[in-house]
Protein chains: 2
Amino acid sequence: MTDTKTRILDTALALFNRFGERNVTTNHIAGELGISPGNLYYHYRNKAAIVSALFDRYQAHLLTLLTVPAGPLTWEDKMRYFEGILESMWEGRFLHRDLAHFLHQDPALRERYKRFVEDSLARGLEIYRRLRDSGLIEASDEELRALLVNTWVLAASWSGFTHGLNPDIADDETLDRRLLRQGIYQIICLEAPFLRGEALRHLDAMKREYRIDENALDRLFGADGLVHPE
Amino acid sequence: MTDTKTRILDTALALFNRFGERNVTTNHIAGELGISPGNLYYHYRNKAAIVSALFDRYQAHLLTLLTVPAGPLTWEDKMRYFEGILESMWEGRFLHRDLAHFLHQDPALRERYKRFVEDSLARGLEIYRRLRDSGLIEASDEELRALLVNTWVLAASWSGFTHGLNPDIADDETLDRRLLRQGIYQIICLEAPFLRGEALRHLDAMKREYRIDENALDRLFGADGLVHPE
DNA sequence: TGATTTTTAGAGTAATTACTCTAGAGGTCA
DNA sequence: TGACCTCTAGAGTAATTACTCTAAAAATCA
């Protein structure tokens with residue numbers, strides 16, 4: 001059995017992602033775990049400390065994934081990157097969803113978050129440059145920077161977007177996975193215009209792999225959007 | 001003097017955008033207005049009703065802006081569209097920031113929001129098709145749909161992103177405007193690869209117009225990102 | 001003017017919820 | 001065994017805050 005401290009984090013993360021941090025009380029977390037509130041507060045001095053610890057885990061994990069690799073990059077490396085990073089961001093989606101509040105109430109977190117974003121974007125830029133060196137991407141540094149910011153915002157906000165359209169998502173593990181994959185599709189489309197070589201050759205296959213044909217997104221555009229498929 | 005009902009909405013909107021809905025109590029709103037809490041509750045039966053009314057205003061305004069125009073479209077029309085829409089979304093940024101919570105606590109709003117997004121995207125698609133007909137854009141329907149979703153998510157999340165990096169933004173009206181413009185720049189970059197004709201010819205000018213040279217975003221990428229400008 | 005309706009004030013309440021405090025169980029080491 | 005430390009329980013508290021209620025002022029109308 002893992003220790004209580006870790007179990008509190010795991011349970012809190014699951015509940016936060018599912019119901020939103022605002023709707024999950026400390027008593028709720030303790031209850032779900034079958035421990036007393038006092039016990040919970042023995043391990044974390046307050047609710048914000050739990051959020052803070054979760055953020056640390058999240059940040060450490062993501063920065064590990066964003067380590068610039070050694071050898072030359074293939075398009076498969078690139079896809080692995082994407083999938084890992086987006087999955088990891090999806091896992092910490094409650095953080096992005098209520099980010100404003102967390103940063104508002106915790107100045108220390110504010111600073112850490114800022115550095116975290118800067119770090120992530122800097123590493124991302126490095127990786128993109130490597131992809132350019134490998135001939136998989138063609139773009140100026142300015143274009144890369146804009147692309148990166150857009151990718152970051154999209155990845156961070158994707159869960160919020162899908163959650164808004166489908167609030168019951170939390171109850172459906174399968175749908176959850178599908179929407180994550182659709183998010184990857186959206187990001188593929190984001191950088192599609194810049195792909196070259198092998199990456200470009202596999203673009204259609206990748207799009208097909210991640211797009212969901214009969215999903216909520218298609219219905220978004222109404223009948224008109226479906227009547228004239230590409 | 002506008003009536004109390006409208007003044008409540010205006011004040012609430014300003015406070016919500018500035019401090020986040022979560023941090024603004026009904027007493028706070030009443031206090032800011034110089035009226036009593038009871039008065040406020042005479043006009044709106046609860047806090048959610050205020051949010052709901054603000055959402056109605058927001059939605060109506062945005063859908064008006066998204067009306068498909070009559071004649072053929074020029075690249076200047078396009079820019080006007082962008083600026084109007086993004087400014088309007090910026091004006092209702094608190095809604096997007098705490099969207100998950102609002103939808104969680106108000107099932108009716110949930111439905112309205114869903115229809116609103118569907119409507120907006122459908123109209124957006126129509127407009128993009130018109131731009132394609134006018135020779136300003138070249139993209140398949142599939143690409144347009146992905147582009148639209150990305151644009152929507154980015155526009156809706158942009159304020160959250162900048163707010164996270166710069167929480168003091170609310171106190172600085174000028175910085176506020178600059179970040180909004182930077183958001184427009186990001187969206188221009190999003191669709192840049194699909195531009196043709198006149199739109200393409202003015203792309204660089206538009207980028208220059210909206211990008212902020214010495215801003216927080218540049219610093220995001222650290223020294224390395226600045227050492228090798230495009 | 002008087003009657004009726006709309007609007008306002010502001011004290012007060014009920015419920016939520018983050019958090020505290022005391023006491024004790026369970027393990028470890030001498 | 002006994003001393004000590006880690007961990008746990010759970011009742012209780014303090015503070016916040018959305019919201020209510022009564023009554024009176026202001027406006028409208030006959």
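Residue numbers start from 1 in every chain, and the chains themselves are labelled A, B, ... in the order their sequence lines are given, proteins ahead of strands.
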N/O contacts under 3.5 Å, protein versus nucleotides 4-8 of chain C?
from, atom 1, to, atom 2, distance (Å)
dT7(C), OP2, Y42(B), OH, 2.9
dT8(C), OP1, T4(B), OG1, 2.7
dT8(C), OP2, T4(B), OG1, 3.2
dT8(C), OP2, N39(B), OD1, 3.3
dT8(C), OP2, H43(B), NE2, 2.5
dT8(C), O5', N39(B), ND2, 3.1

Requested in this report: Over 60° means perpendicular and under 30° means parallel, so classify the ring planes of H96(A) and Y58(A), tilted if in between.
Outcome: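 Answer is perpendicular, since the angle exceeds 60°.
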Query raised in the report: Could you give the start and end, 5' to 3', of the contact zone on DNA chain D for chain A, using atoms under 4.0 Å from its heavy atoms?
Result: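 Reading along DNA chain D, I get dT6(D) to dG10(D).
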Query raised in the report: Given side chains that start at C-beta, do those of K207(B) and E142(A) come closer than 4.5 Å, heavy atoms only?
Result: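 Touching, per the 4.5 Å side-chain cut-off.
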Query raised in the report: Within the distance-only criterion (no hydrogens, no angle test), does the side chain of R123(A) pair as donor or acceptor with the backbone N or O of L63(A) below 3.5 angstrom?
Result: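 Yes; at least one donor-acceptor contact below 3.5 Å.
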Report task. Could you tell me whether the side chain of N27(B) and the main chain of P37(B) form a donor-acceptor pair under 3.5 Å? Result ->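 The answer is no, because no donor-acceptor pair under 3.5 Å joins these two groups.
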For [X], check salt bridge (Lys or Arg N to Asp or Glu O under 4.0 Å) against everything at least two apart and list the hits.
X	value
R130(B)	none
E191(B)	K78(B)
R115(B)	none

Requested in this report: First locate atom CZ of F161(B), then atom CD of Q182(B), and finally report the distance between them rounded to the nearest 0.5 Å.
Outcome: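 Going from the CZ atom of F161(B) to the CD atom of Q182(B) covers 9.5 Å.
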Query raised in the report: With a 4.0 Å cut-off, would you call R93(A) and D176(A) a salt bridge?
Result: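 Looking at R93(A) and D176(A), the cut-off is met.
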Query raised in the report: Where along residues 102-110 of chain A does a heavy atom fall under 4.0 Å from DNA chain C?
Result: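 Correct list: empty, so none.
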Query raised in the report: Would the F82(A) and Y185(A) ring centres measure less than 6.0 Å apart?
Result: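 No; Y185(A) has its ring centre 6.0 Å or more from that of F82(A).
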